[in-house]
Amino acid sequence: MAEIETLHRYDAKRADEIECRWQQQWMRDGAFRAPNPGDAGFDPSKPKYYILDMFPYPSGAGLHVGHPEGYTATDIVARYKVSCGFNVLHPMGWDAFGLPAEQYAVQTGVHPAVTTQSAIDNFRRQLQRLGFRYDWSREFATIDSDYYRWTQWIWLRAYHAYYDVATDRAQPIAQLQSQLASEDRLIALADGRQIQWSACTPQQQQAHLDGFRLAYLGHQTVNWCPALGTVLANEEVIDGRSERGGHPVLRMPLRQWMFRITAYAQRLLDDLALVEWPESTRAMQTQWIGRSEGAEVRFAVEGFGDLTVFTTRPDTLFGATYMVVAPEHPLVEWVSAMRGGAHTKITEYANWSRNRSDVDRQAESREKTGIALGVSALNPATGERIPIWTADYVLMAYGTGAIMAVPAHDERDFEFAKRFDLPIRQVVAAVDGGVWTGACATPLPGIACNSRSAQVSLDGLATPAATAKMIAWLVEAGLGSKRVNFRLRDWLFSRQRYWGEPFPIVFDERGMHFPVAESALPVRLPTLVDYAPIESAQPMPPLAKATDWVATTAGEAGVDPTLLDPATPVRREVNTMPGWAGSCWYYLRYCDPKNNAQFVGKSAQQYWMGDRGVDLYIGGSEHAVLHLLYARFWHKMLFDLGEVFTPEPFAKLFHQGMITSFAFERVDGSLLATDAVRQESGQWFEIATGHAVNRVIAKMSKSLKNVVTPDDVVAEYGADTLRLYEMYMGPLADSKPWNTRDIAGVFRFLQRVWRLAIDERTGSVIVAREGNREIERQLHRTIHKVAIDIERLAFNTAIASLIELVNAATRPTEMKDPSDGGLSRDQLRRFLSVLAPFAPHLAEELWMRIGEAGSVTLAPWPRVDQTQLVDDTLELPVQIAGKVRARVIVPSGADASAIELIVLRDAKVQEALAGRAPKKVIVVPKRMVNVLV
RNA sequence: AGGCUCGUGGCGGAAUUGGCAGACGCAGCGGACUUAAAAUCCGCAGAGUUCACCCUCAUCCGGGUUCAAGUCCCGGCGAGCCUACCA
C-alpha cells in the first residue's frame with residue numbers, strides 16, 4: 001500500500017535518474033556551448049555577460065561542499081542571464097601546476113602529471129554531476145603545453161619591456177636600448193663607476209638593461225624555505241613561515257627572476273576606483289601597496305657621503321637626534337671595513353640580526369636591539385652632529401634602509417632612545433596646547449615648535465604647513481626632495497621546483513641570458529623520473545637533474561640566430577615559474593581557448609571582455625591580495641603592450657563565505673570529532689567520559705570527521721537539493737555552518753514542487769483547470785522578487801519566496817479533485833522557468849512533462865505584469881503614542897491627506913485617542929501612520 | 001597595537017535601507033488522515049503575565065539623534081578577518 005502511494009514520488013532515486021538523464025541530454029545537445037563572434041550560431045545582436053569562477057586547483061581529495069557554493073551562485077546567475085537574452089560566457093578549467101601536486105607526488109611516488117590528471121578527471125566528474133552550465137568545450141589546464149606556451153609568451157613580452165616613466169607605461173626595451181646606443185649615454189655600473197654605453201662589455205650592457213626590464217634577473221634577499229626546497233614570494237610568507245605548510249623561512253641573497261610590479265604601484269592603487277569590488281578587498285590591496293607620502297632627506301656623513309632617509313614627517317627634522325640604518329645597509333659594512341678588527345661587535349651584530357630568521361624575531365619580545373656605529377651625521381636643519389646606529393627595527397627593504405630618528409614623535413624611536421639613553425627633543429606641540437610630558441611619543445599632527453634655525457623656521461605652523469615648508473627648504477638647499485614611497489616590493493617569480501612552467505631563457509658560458517624566440521615556444525617541461533627536491537643548504541632546482549635537457553645549444557633551444565650563434569653551447573634556466581603564473585591570465589584564454597596563433601584572438605577578446613572585463617568574478621577572499629593583485633598587474637602590462645583593451649580585468653568581484661561545520665568543544669577548550677559525541681535532550685555529551693560538551697563552529701577537517709562531500713549529498717538527495725540547500729543556507733558572502741538536518745527542508749520543497757505537477761500515485765500530470773487570481777498575483781511578485789534577488793546575489797531570499805509561492809499553491813489533502821488547486825499549466829510553465837536556475841534538472845523534467853517544447857534552459861524569463869504587483873487596498877499600521885494601536889485599510893493610491901482622514905475616522909483610533917486631540921499626524925504612504933498626542 | 005567587518009528566537013537566517021522585528025527553513029508542539037506508524041496536509045510557535053483577546057518586555061550593554069532606531073551617531077563589551085617595528 002505504502003509502496004504504491006510513493007511509486008511516483010520525487011525521491012533520491014528519481015532525482016538521480018532525472019539528473020543523469022538531463023545532464024547527458026544537455027551534453028549531447030551542446031546546450032551550454034557559447035559560440036564566439038564569427039562562429040555558427042553566434043547572435044551579435046545580444047549583449048554579452050562574462051561570469052567567472054576562480055580557477056580551481058584540483059587536489060587529490062576531490063570536492064567538498066565548500067567548492068560548489070560559489071559555482072552554484074555563478075550557475076544561477078549564468079542561467080538567469082541567458083534567459084534574459086545575454087550571450088553568456090561561463091567557462092571552467094584547471095590551475096594545475098604548483099606545489100601541492102608536486103608534494104603529493106613526492107609523497108606517493110606517482111608522477112605529478114599522473115596524479116594531477118586523475119584529480120582533474122575527478123573534479124570534472126563531480127562538477128558535471130551538479131549540472132553546471134559550463135561551456136566544457138572551452139576547458140583547459142595550465143599544464144597543457146598549448147596553454148603554458150602562451151604563459152611563457154607573456155613572460156617574454158614582459159622580459160622585452162621596461163617601464164617608461166615619461167609616458168607612464170610599458171614600452172619595448174629595444175626602444176631604450178637603441179636610445180642608449182644612439183646617444184651613447186653614460187651608464188652607472190654596479191661598482192659606482194660611470195662609463196659610456198659603447199664602452200660597456202655585453203655583460204655590463206645586459207646588467208644595465210636588467211635594471212629596467214619588467215621581467216628581470218635580480219640579486220635579491222629571498223625567502224628560502226628549506227623544507228619546501230624553494231624560495232617564496234613575500235606574499236607567501238606569513239609570520240616568518242611558509243603560507244603553505246607553516247615551515248620556517250630563512251633569508252638569503254640569490255639571483256632570481258623578478259617582476260617589476262613596483263613600477264605599477266600607483267596605477268594598481270588608482271585603478272581600484274574603477275572596479276566594483278568588496279570594500280575589504282580594496283582596503284587589503286591598498287594596504288598591501290602601502291603608499292606613503294613624505295620626503296627624502298640627505299644627511300652628510302664624513303668620509304662616506306650622503307646617507308639618505310625616507311620620512312613621512314619631514315616637519316620633525318629638527319627633532320632628529322640620531323639615525324638608524326638597517327644591519328644590511330652599506331654604511332655598516334663601510335664602518336666595519338674602515339675600523340678593521342677594532343669594531344667586530346658591529347659586524348657581529350649585523351651578522352646576528354641578518355641571519356636571524358623572521359620566526360626568531362617574532363618569538364622574541366619587542367625589546368629593541370642595536371649598536372652604535374661610532375660615526376655621526378650632520379642634521380641639515382640643526383647643524384648638529386647626531387650619532388648613527390644600526391638596529392634590526394629598520395628594514396633594508398623599505399625606503400632607503402635608513403631613518404632619521406625622532407624619538408619625541410615616533411613610538412619606535414622613542415622606545416629605542418629610552419633603551420640606549422639617546423636625547424629626545426620635542427618639536428611638535430599638541431593642538432590643544434597641552435604640555436608634552438616626555439613620558440611617551442606623540443606621533444599625531446600638531447603645531448611645530450623648537451624648529452628654528454638661521455635658514456628656516458617652522459615654529460607655529462600646523463603639521464601640513466610645516467611639512468610643506470620643510471620640503472620647500474630642503475629642495476632649495478639641495479638637501480632633499482618630496483618623495484612617495486610604496487610598501488609593495490618587486491615580485492619574486494622563480495621557484496626551485498619541478499612542477500611549473502619552464503622559463504623560455506638560456507644562459508651562455510659568460511652567464512649572459514638569452515630569450516627563446518616566440519616561434520620556438522613552448523619550452524616543454526621535460527619528463528623527470530626523479531623530481532624530488534634536492535636537500536641542501538643552497539637552493540638546487542630539480543630540473544638541474546635533466547642534464548640532457550639543460551645542456552643544449554642556442555639553435556636547439558630556439559634562440560634567435562642574430563642574438564647568438566646557433567652552435568653556441570648554452571644551459572637552460574632550471575628554475576620554474578610559481579603556481580600563480582597560470583592564473584594570471586586564464587580569464588583571457590577562455591575567450592578563445594583553441595587559438596594556435598595568438599594567446600587570445602582579438603575579436604573574441606574584444607567581444608567577451610568588452611569595456612569592463614569580466615562582468616562577475618566569484619571566489620574566496622583568500623585571494624584578495626595575491627592572485628587578484630598579480631592578475632591585475634599582468635593585465636596592465638598587457639594593456640600597455642597593446643594586447644588587452646580594458647584597464648582592469650575584473651569589473652565586479654564577490655567573495656563567497658566559507659562553509660564551516662560543527663565540532664564539539666570540551667570545557668578546557670579542546671575540540672572533539674563529531675563521532676565522539678552523542679546528543680541527548682538537546683545537550684551533547686562526550687561518549688568516552690559522559691561529560692557535557694558544547695557544539696561549536698569549526699572548519700571542515702578530516703581530524704574532526706566533519707567533512708561533507710557533494711557526492712554524499714547527491715547520493716542521498718540529488719544535485720538539485722544540494723544546490724538549493726547551499727544557496728538557502730544564508731547570504732552568499734557569509735560563512736555559515738553546514739547542518740545536515742536542514743537539508744530535508746529544501747528537499748521537501750522540491751517534493752512539493754513535484755506534487756504540484758505530478759500525481760504521485762499514477763505519475764500523470766495534474767494541473768489546475770484555471771489559475772487562481774490570488775496565486776497569479778503572487779506568481780508575478782515571485783518572478784519579480786527572484787529576478788531582483790538574483791541580481792543582488794541574494795539567493796536565500798529568492799528561494800524563500802519560491803517556497804512561499806509553492807506553499808500557497810499546494811493542494812490540501814482533503815481536496816477531492818486535484819484540478820481544483822495547484823497551478824494552471826501556464827502558471828506552472830512560468831514558475832518552472834524561475835525555478836530552473838536553482839534546480840535545473842527538476843525544472844527541465846517537469847517542463848517536458850507538462851508538454852513544453854524545447855529546453856527550459858532556453859526559455860525567456862517570464863514577463864512581470866506591473867499592475868499585478870500592487871494591491872487595490874493596503875493595510876497600514878497606525879501608531880498612537882509610539883505603539884501600534886490600530887490598522888486601517890486604505891486604497892493603495894491614497895495620498896497622505898486622504899489616509900489621515902481615514903485614520904482619524906477609524907473607531908479603534910478614536911478609542912485609543914480617548915478624546916485627546918492629535919498634535920500631529922505623520923503619514924508615510926504605503927508604510928505606516930504615526931499619530932502624536 | 002592598528003585597520004576592516006559583524007553581534008537579531010533553541011538553530012540557520014529575514015526585515016524594501018530609518019517605518020508593523022523575527023519572512024522562509026530546521027528542530028519543537030497540536031490536529032486531520034491511518035488499526036498503527038511513516039509520509040502528507042492543516043494549525044501553533046520571541047520571552048513574560050493563569051490560555052485565546054489584552055498588556056508588559058525584547059535585535060550584545062550604556063547613552064544620544066528622531067514623530068519613529070535592529071538600521072544613524074558616541075562610548076563599552078564580544079567575535080571574525082587582515083596587517084603586524086613599513087619610518
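Letters A, B, ... mirror the listed sequences (proteins, then strands); counts begin at 1.
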Watson-Crick or G-U wobble partner for [N], using a 3.5 Å limit on both distances?
N: B:C33; answer: none
N: B:U5; answer: B:A79
N: B:U59; answer: none
N: B:U65; answer: none
N: B:C11; answer: B:G25
N: B:C85; answer: none

Tell me what [X] touches on the nucleic acid: a base, only sugar-phosphate, or nothing, going by heavy atoms under 4.0 Å.
X: A:Ile922; value: base
X: A:Arg755; value: sugar-phosphate
X: A:Ile803; value: sugar-phosphate
X: A:Asn807; value: sugar-phosphate
X: A:Arg483; value: nothing
X: A:Ser801; value: nothing

Might you list the N or O atoms of the protein lying below 3.5 Å from N or O atoms in nucleotides 10-13 of chain B, with each pair's distance?
unit_1, atom_1, unit_2, atom_2, d
B:G12, O2', A:Met729, O, 2.7

Worked verdict on A:His329 versus A:Thr390 for side chain to side chain donor-acceptor pair (under 3.5 Å): CA-CA 9 Å; A:His329 196 280; A:Thr390 182; over 6 Å; no
Derivation of the side chain to side chain donor-acceptor pair (under 3.5 Å) call for A:Asp789 and A:Thr797: CA-CA 7 Å; A:Asp789 282 353; A:Thr797 51; 2.9 Å; yes
Given [options], which nucleotide is nearest the side-chain atoms of [X]?
X: A:Pro812; options: B:C42, B:C24, B:A84; value: B:C42
X: A:Met928; options: B:C20, B:A87, B:U83; value: B:C20
X: A:Arg792; options: B:A15, B:A87, B:C26; value: B:A15

Say you pick atom [atom1] in [N] and the same atom in [M]; how far apart are they, in whole Å?
N: B:A39; M: B:C53; atom1: C1'; answer: 36 Å
N: B:C20; M: B:A14; atom1: C1'; answer: 14 Å
N: B:C24; M: B:A45; atom1: C1'; answer: 15 Å
N: B:A32; M: B:G80; atom1: C1'; answer: 48 Å
N: B:G64; M: B:C42; atom1: C1'; answer: 48 Å

Conformer about C1'-N of B:U17 - syn within 90° of 0, anti elsewhere: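 Judged by the O4'-C1' to base torsion, B:U17 sits in syn, the angle falling within 90° of 0.
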Syn-anti status, with the boundary at 90° from 0, for the nucleotide B:G9: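 Syn, angle within 90° of zero.
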Aromatic ring proximity A:Trp277/A:Phe654, centre distance under 6.0 Å: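 Not close enough - the centres of the two rings lie 6.0 Å or further apart.
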Side-chain N,O (A:Arg487) to OP1/OP2 (B:A84) below 4.0 Å: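 Yes, because at least one side-chain N or O of A:Arg487 sits under 4.0 Å from OP1 or OP2 of B:A84.
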Below 4.0 Å: OP1/OP2 of B:C82 and any side-chain N or O of A:Ser280: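 The answer is no; no side-chain N or O of A:Ser280 sits under 4.0 Å from OP1 or OP2.
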Residues A:Arg9, A:Gln751; criterion side chain to side chain donor-acceptor pair (under 3.5 Å); working and verdict: CA-CA 7 Å; A:Arg9 174 159 291 187; A:Gln751 289 182 313; 5.8 Å; no
What is the distance, to the nearest angstrom, from the [atom1] atom on [X] to the [atom2] atom on [N]?
X: A:Phe749; N: B:U40; atom1: CZ; atom2: P; result: 15 Å
X: A:Arg282; N: B:U83; atom1: CZ; atom2: P; result: 19 Å
X: A:Arg811; N: B:A32; atom1: CZ; atom2: C1'; result: 19 Å
X: A:Leu626; N: B:C82; atom1: CG; atom2: C1'; result: 12 Å
X: A:Ile799; N: B:C24; atom1: CD1; atom2: P; result: 15 Å
X: A:Arg781; N: B:A23; atom1: CZ; atom2: P; result: 18 Å
X: A:Arg14; N: B:A39; atom1: CZ; atom2: C1'; result: 16 Å
X: A:Lys919; N: B:A68; atom1: NZ; atom2: P; result: 11 Å

Close side-chain approach of A:Phe795 and A:Leu793, heavy atoms under 4.5 Å: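 Side chain of A:Phe795 against side chain of A:Leu793, heavy atoms only: contact under 4.5 Å found.
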Contact check, side chains of A:Leu779 and A:Phe831, non-hydrogen atoms, under 4.5 Å: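 The answer is yes, as the side chains (C-beta and beyond) meet within the 4.5 Å cut-off.
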5′-ward residue of the pair A:Arg291/A:Arg752 relative to RNA chain B: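 Taking each residue's closest nucleotide, the earlier one in sequence belongs to A:Arg752.
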Stacked cation flag A:Lys368 on A:Phe416, 6.0 angstrom / 45 deg: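 A:Lys368 over A:Phe416 ring: no.
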Donor-acceptor pair present, A:Arg927 side chain and B:U16 base, under 3.5 Å: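 Flag set: donor-acceptor pair detected.
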Enclosure of A:Gln266 CD (heavy-atom neighbours >12, cutoff 6.0 Å):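 Yes - once you tally the heavy atoms of other residues, nucleotides and ligands closer than 6.0 Å, there are more than 12.
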Derivation of the side chain to side chain donor-acceptor pair (under 3.5 Å) call for A:Tyr393 and A:Thr369: CA-CA 8 Å; A:Tyr393 83 92; A:Thr369 62; over 6 Å; no
